[in-house]
Visitor: 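Okay, handing you the structure first.
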Number of protein chains: 2
Amino acid sequence: MRGYDKYAHEPFAVTVDLAVLTLRAGSLHVLLVERGQEPYAGRWALPGGFVRPDESAETAARRELAEETGLKDVSGLHLEQLRTYSEPGRDPRMRVVSVAFAALLPDAPEPTGGGDAARARWLPYDDAKQLAFDHDRILADAHDRVGAKLEYTCLATAFCPPEFTLGELRQVYETVWGTGLDRPNFRRKVLATPGFVEPVPGGARLTGGRGKPAALYRAGAATALHPPLLRPPREGRSA
Amino acid sequence: MRGYDKYAHEPFAVTVDLAVLTLRAGSLHVLLVERGQEPYAGRWALPGGFVRPDESAETAARRELAEETGLKDVSGLHLEQLRTYSEPGRDPRMRVVSVAFAALLPDAPEPTGGGDAARARWLPYDDAKQLAFDHDRILADAHDRVGAKLEYTCLATAFCPPEFTLGELRQVYETVWGTGLDRPNFRRKVLATPGFVEPVPGGARLTGGRGKPAALYRAGAATALHPPLLRPPREGRSA
DNA sequence: CTTTTAATAGTCACCACGACTATAAAAAGG
DNA sequence: CCTTTTTATAGTCGTGGTGACTATTAAAAG
């Protein structure tokens, strides 16, 4: 490593960008804010902000998450560092290095637009195009990462409320992957994986929906899936 | 996102840290440099350096990789961004945010210690302890990531020369995972995965070693492994 | 009361994989 | 030269995970 005396150039600004994902009405949504000023004025962007001198990027990301969503307690939410985007010129004004995170929410409260934030709202993932800066890329990377981690971790429960049915859990996979899954096979697989889910004591069931009432489950103690729950191979697969 | 006018604090220094891994004599080695100055003078550290104003972190990492290893062409080497370490106080002198990368090398030339770098050398992974700063953590994260990616990507070929035998490829897995693998089963699995490896035309074989000459293979076109090559479950598994 | 929807139970066949045996072809050591 | 050792390679066998599928139950919707 070089000596620090060679540090003779303008410094960097360090920010965090958040891809906050949730499931609303059976489709994937992402939290976006509308930019009020140039550049990209009027365009949608991922929420984010500067890392403060006494913060780690993780701390800054959780603070921004609380500010943007208006949630009281974000300590239990799944926050995952994606990667860092550092291309020169990704912000036309100055040299900005941004640490990107993905956050997964079970329910979807309307954002309260806390503080001086511009308009904030949930947008369907498929409609979130033409974002400011390189946020299209960041959002796509977040989607890829989440989709991949569903295969070999228990991440799917992060999209679910504390108690959920296997149908809700299956919809997480179907929505993120964009595929259909066989109901009985999914059920067998999940229940056969120790620590993935555990039944709510008392045999509670969720009624009020269509069809037969479903048993309620909680997230188990496991964090990894052995063996993984592989997504079905795409149709047009390369030979 | 807040306005940039609120950017009123001391800036960050941005560096890259590299966990350069290779296989030497059947064991995993990591490239380390000896620190010449405080803090951590005399301790081993991961190579790295400052990101220049006109560089991305990836560009800086590749530049540092070339400088530290003395290799002419590092363009084909696998370089993977791990994550960014941004805890306040991880460098006692100033606020440093470091983007960590893992680099995988097939052969292991002795480092030439290019430029003003202190002493640099390969150290067995198991002996690389008590590193400077938070580099123990970064190195462990690199090992975890590489071990995990061996399961579901073709990353293992990045440790191999352009032409390699299935025995060499198997040793990559065994060395990184620290487990033994059944030779015939490994062979069947690799050859059954389309695009993982392809035989060298002409049926070239590697002689000179012990035992029966082995057929030579090249890395195939695939980048992901479907289905994955799962590592054998650990003995003391939690119930 | 019928239809619809979803949860749940169960069956069956295939195949990927672990465990294992056997054979071939080289070097090493007498 | 012959035996041992080492590694590559071929093949077998049984189990279990999984996809595809059918059947049943229990609720809401019409």
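Being a predicted model, the structure only gives us computed values, none of them experimental. Per chain, numbering begins at 1; letters A, B, ... match sequence-line order.
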Visitor: Give me the first and last nucleotide of DNA chain C, going 5' to 3', that has any atom under 4.0 Å from a heavy atom of chain B.
Guide: C/dC17 to C/dA28
Visitor: Protein-nucleotides 27-30 of chain D N/O pairs closer than 3.5 Å?
Guide:
none

Visitor: Mind jotting down which residue pairs meet the side chain to side chain donor-acceptor pair (under 3.5 Å) criterion with at least one end in residues 122-133 of chain B? Sequence neighbours excluded, please.
Guide: none
Visitor: Taking CD from B/Gln171 and C1' from D/dA8, how many angstroms apart are they, rounded to a whole number?
Guide: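 Checked: the CD to C1' distance equals 13 Å.
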Visitor: From CZ of B/Arg187 over to P of D/dT7, roughly how many Å is that when rounded to an integer?
Guide: 16 Å
Visitor: Should the pair A/Arg188 and A/Phe186 be classed as cation-pi, given the thresholds of under 6.0 Å to the six-membered ring centre and 45° from the axis?
Guide: no
Visitor: Take the protein atom CD of B/Glu174 and the nucleotide atom P of D/dT7, then report the distance between them rounded to whole Å.
Guide: 11 Å
Visitor: Find the distance between CG (A/Leu46) and CG (A/Leu18) and round it off to the nearest 0.5 Å.
Guide: 8.0 Å
Visitor: Would you find a donor on one side and an acceptor on the other, under 3.5 Å apart, between the side chain of A/Glu68 and the backbone of A/Pro111?
Guide: no
Visitor: Using the side chain to side chain contact (heavy atoms under 4.5 Å, CB included) criterion, which residues pair with B/Asp136? Sequence neighbours excluded.
Guide: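 Listed in chain order: B/Leu131.
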Visitor: Under 4.0 Å, heavy atom to any atom of DNA chain C: which of residues 152-160 of chain B qualify?
Guide: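 Output list: empty, so none.
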Visitor: Between the side chains of A/Asp141 and A/Arg137, is the shortest nitrogen-to-carboxylate-oxygen separation below 4.0 Å, so that they form an ion pair?
Guide: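 Here A/Arg137 pairs with A/Asp141 in a salt bridge, since their nearest N and O are under 4.0 Å apart.
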Visitor: Write down the protein N/O and nucleotide N/O pairs, taken from nucleotides 14-21 of chain D, whose separation is under 3.5 Å; answer none if there are no such pairs.
Guide:
residue	atom	partner	partner atom	Å
D/dT18	OP1	A/Lys189	NZ	3.1
D/dT18	OP2	A/Lys189	NZ	3.1
D/dG19	N7	A/Arg188	NH2	2.9
D/dG19	O6	A/Arg188	NH1	3.1
D/dG19	O6	A/Arg188	NH2	3.4
D/dA20	N7	A/Asn185	ND2	2.9
D/dA20	N6	A/Asn185	OD1	3.2

Visitor: Tell me if a side-chain donor or acceptor on A/Thr175 pairs with a main-chain N or O of A/Val172 at a distance below 3.5 Å.
Guide: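 The answer is no, because no donor-acceptor pair under 3.5 Å joins these two groups.
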Visitor: So which heavy atom on A/Arg35 is nearest to which on A/Ala45, and how close?
Guide: CG-CB, 4.0 Å
Visitor: Specify the separation, in whole Å, of atom CG of B/Leu216 and atom P of D/dA8.
Guide: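 Answer to the nearest Å: 12 Å.
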Visitor: Given salt bridge (Lys or Arg N to Asp or Glu O under 4.0 Å), test B/Arg24 with B/Glu110 step by step and report yes or no.
Guide: CA-CA 11 Å; B/Arg24 304 188 84 191; B/Glu110 276 304 321; 3.1 Å; yes
Visitor: What's the verdict on salt bridge (Lys or Arg N to Asp or Glu O under 4.0 Å) for B/Arg121 and B/Glu34, showing C-alpha distance, side-chain angles and the deciding distance?
Guide: CA-CA 8 Å; B/Arg121 59 166 298 197; B/Glu34 191 175 19; over 6 Å; no
Visitor: Please tell me whether B/Tyr85 and B/Phe133 form a close aromatic pair, meaning their ring centres lie under 6.0 Å apart.
Guide: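 No - the distance between ring centres of B/Tyr85 and B/Phe133 does not fall below the 6.0 Å cut-off.
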Visitor: Compute the centroid of each ring, for A/Tyr217 and then for A/Phe164, and state whether the two points are separated by less than 6.0 Å.
Guide: no
Visitor: When rounded to the nearest 0.5 angstrom, what distance separates OG1 in B/Thr165 from CG in B/Leu169?
Guide: 8.0 Å
